[in-house]
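Below: one structure, written as structure tokens.
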Amino acid sequence: MTSPWTIGIIGGSGLYAIEGLEDAQWIAIESPWGKPSDEVLCGRIGDVRVRFLPRHGRGHPVSPRDLNARANIDVLKRAGCTDILAISAVGSLREEIEPGRFAVVDQFIDRTTSRENSFFGTGLVAHVSMADPVCPRLSEMAAAAIAGAKGKVATGATYLAMEGPQFSTRAESRMYREWGADVIGMTAMPEAKLAREAELPYALVGMVTDYDCWREGEAVDVAQVIAQMQLNGKLARDMLVRFINVLPEAREPSPIDFALEDAVITAPDKHDPALLAKLDAVAGRLLSGA
Ligand SMILES: CSC[C@H]1O[C@H](OP(=O)(O)O)[C@H](O)[C@@H]1O
Ligand SMILES: Nc1ncnc2[nH]cnc12
């Protein structure tokens with residue numbers, strides 16, 4: 001029997017493929033939103049379909065601020081994903097969230113400035129709620145999978161999305177701590193916003209790689225991030241396999257499956273046909289008959 005879940009996995013820095021997927025095949029999926037970061041690795045674990053996209057592409061050619069998050073989310077939707085589990089390397093802004101720990105994120109502060117952050121716009125305006133930006137069901141299952149794989153986990157983390165690509169200054173890092181952020185990265189926004197617009201439940205697991213630079217005399221570099229990701233590689237894979245293996249047989253509908261229901265404000269006779277056509281995957285459920 002095929003599972004009702006199709007899990008999209010977005011792999012961050014250091015995670016460019018998943019070994020051991022059954023029937024695995026890299027497939028190019030076209031998007032009206034432009035070029036995604038890479039082909040999608042399509043396969044399955046047991047009877048669950050898995051669609052893996054390396055966020056920066058294989059070999060890491062794509063910079064965080066040039067990521068086409070719209071195309072990335074659109075191709076995962078086109079690949080039939082019902083839910084997305086995203087993985088990111090993150091810096092820690094808290095002593096007790098040490099490198100090696102996994103932080104399950106439940107809030108964001110978005111400090112990105114130069115990215116296309118919506119599928120909607122003039123000609124078809126929509127405002128989705130981001131009050132609760134992640135899917136609690138997926139986040140709980142991810143936390144349980146990390147614990148089951150004997151990983152150390154912190155839940156309820158607030159992720160500060162910075163523009164990059166440079167790492168923060170010490171003054172910024174200290175200010176983000178005062179704002180209540182727990183971990184920092186450059187990529188989960190606007191990714192999480194776009195997943196919500198595409199009615200895809202989304203959860204984010206941060207793999208803590210460093211203490212950023214708020215501690216006296218310490219500063220993060222790429223080598224540190226990659227070394228820690230490599231140390232945690234097996235744990236990350238175990239976590240993913242567990243996460244998929246314990247998905248319930250049935251997939252009860254999530255309110256996020258209907259996030260656009262009360263979000264579109266533009267009258268149908270004012271819809272821009274060109275934009276409407278590009279929204280075929282993201283909002284086809286709601287708008288295809290409009
Ligand atoms: C390689 S260090 C900085 C880089 O790592 C994180 O990427 P991702 O979230 O895709 O794991 C961070 O956001 C930066 O893009
Ligand atoms: N300290 C940090 N700042 C931003 N992105 C990161 N990714 C991993 N560590 C990071």
Side-chain angles (χ1 to χ4, degrees), residues 8-18 36-38 52-69 72-73 76 84-95 97-105 108-115 134 142 154 157-177 179 181-195 202-215 217-233 235-237 239-240:
I9 297 174
I10 301 179
S13 297
L15 189 61
Y16 305 109
I18 306 190
S37 297
D38 206 332
F52 174 85
L53 180 64
R55 186 185 282 117
H56 302 271
R58 281 166 285 177
H60 209 119
V62 187
S63 167
R65 58 193 312 248
D66 297 332
L67 274 171
N68 187 345
N72 287 352
I73 295 294
L76 290 176
I84 295 185
L85 180 61
I87 316 284
S88 270
V90 294
S92 171
L93 301 171
R94 302 283 157 210
E95 195 75 52
I97 308 183
E98 74 280 23
R101 193 171 282 274
F102 290 69
V104 181
V105 169
F108 294 92
I109 300 172
D110 187 359
R111 288 257 304 167
T112 64
T113 52
S114 70
R115 307 173 185 194
V134 301
T158 296
Y159 175 111
L160 186 299
M162 60 176 291
E163 182 65 16
Q166 303 83 0
F167 290 114
S168 307
T169 64
R170 287 192 206 281
E172 287 164 339
S173 194
R174 289 175 187 142
M175 179 178 73
Y176 299 150
R177 276 165 53 79
W179 287 0
D182 301 306
V183 294
I184 183 164
M186 304 177 191
T187 60
M189 281 290 175
E191 185 176 274
K193 288 177 174 168
L194 294 163
Y202 174 97
L204 176 66
V205 172
M207 290 172 66
V208 180
T209 51
D210 55 85
Y211 274 118
D212 200 44
C213 63
W214 55 273
R215 300 197 326 172
E218 282 183 31
V220 53
D221 61 28
V222 168
Q224 204 180 333
V225 171
I226 296 303
Q228 186 62 53
M229 288 299 279
Q230 279 167 355
L231 281 178
N232 276 15
L235 203 52
R237 194 191 125 63
M239 180 271 283
L240 288 173

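Start at 1 and go down the list; that is how both ligands and their atoms are numbered.
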Lys/Arg cation over aromatic W214: R174, 6.0 Å, 45° cone: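 Cation-pi check for R174 and W214: fails.
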Give every pair made of an N or O atom of ligand 1 and a protein N or O atom lying under 3.5 Å apart, one pair per line with both atom names and the distance to 0.1 Å, or write 'none'.
from, atom 1, to, atom 2, distance (Å)
ligand 1, 5 (O), S13, OG, 2.8
ligand 1, 7 (O), S13, OG, 2.9
ligand 1, 7 (O), H56, NE2, 3.4
ligand 1, 9 (O), R55, NH1, 3.4
ligand 1, 9 (O), S88, OG, 2.8
ligand 1, 9 (O), T187, OG1, 2.6
ligand 1, 10 (O), R55, NH1, 2.9
ligand 1, 10 (O), H56, NE2, 2.5
ligand 1, 11 (O), S13, N, 2.8
ligand 1, 11 (O), A89, N, 2.8
ligand 1, 13 (O), M186, N, 2.7

Sub-4.5 Å side-chain heavy-atom contact between L76 and I10: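 Answer yes - side chains close enough.
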Any E191 side-chain heavy atom under 4.5 Å of I73 side chain: yes
Basic-acidic side-chain contact under 4.0 Å: K193, D110: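 Yes, charged N to carboxylate O under 4.0 Å.
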Gap separating the CZ atom of R215 from the CG atom of L93, nearest 0.5 angstrom: 11.5 Å
Aromatic ring pairing H60/Y16, orientation class (parallel under 30°, perpendicular over 60°, tilted between): perpendicular
For R65, salt bridge (Lys or Arg N to Asp or Glu O under 4.0 Å) partners two or more places apart: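 If we apply the salt bridge (Lys or Arg N to Asp or Glu O under 4.0 Å) test to R65, skipping adjacent residues, the hits are E163.
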Polar side chain donor-acceptor pair, R55 to S88, under 3.5 angstrom: yes
Residue contacts for ligand 2, heavy atom to ligand atom, distance under 4.0 Å: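 Heavy-atom contacts below 4.0 Å: A89, V90, G91, M162, F167, I184, G185, M186, T209, D210, D212, V220, V225.
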Pairing residues for Y211 by the side-chain hydrogen bond (donor to acceptor under 3.5 Å, both in side chains) criterion, not counting sequence neighbours: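 Testing Y211 for side-chain hydrogen bond (donor to acceptor under 3.5 Å, both in side chains), a comparison that skips the adjacent residues, returns none.
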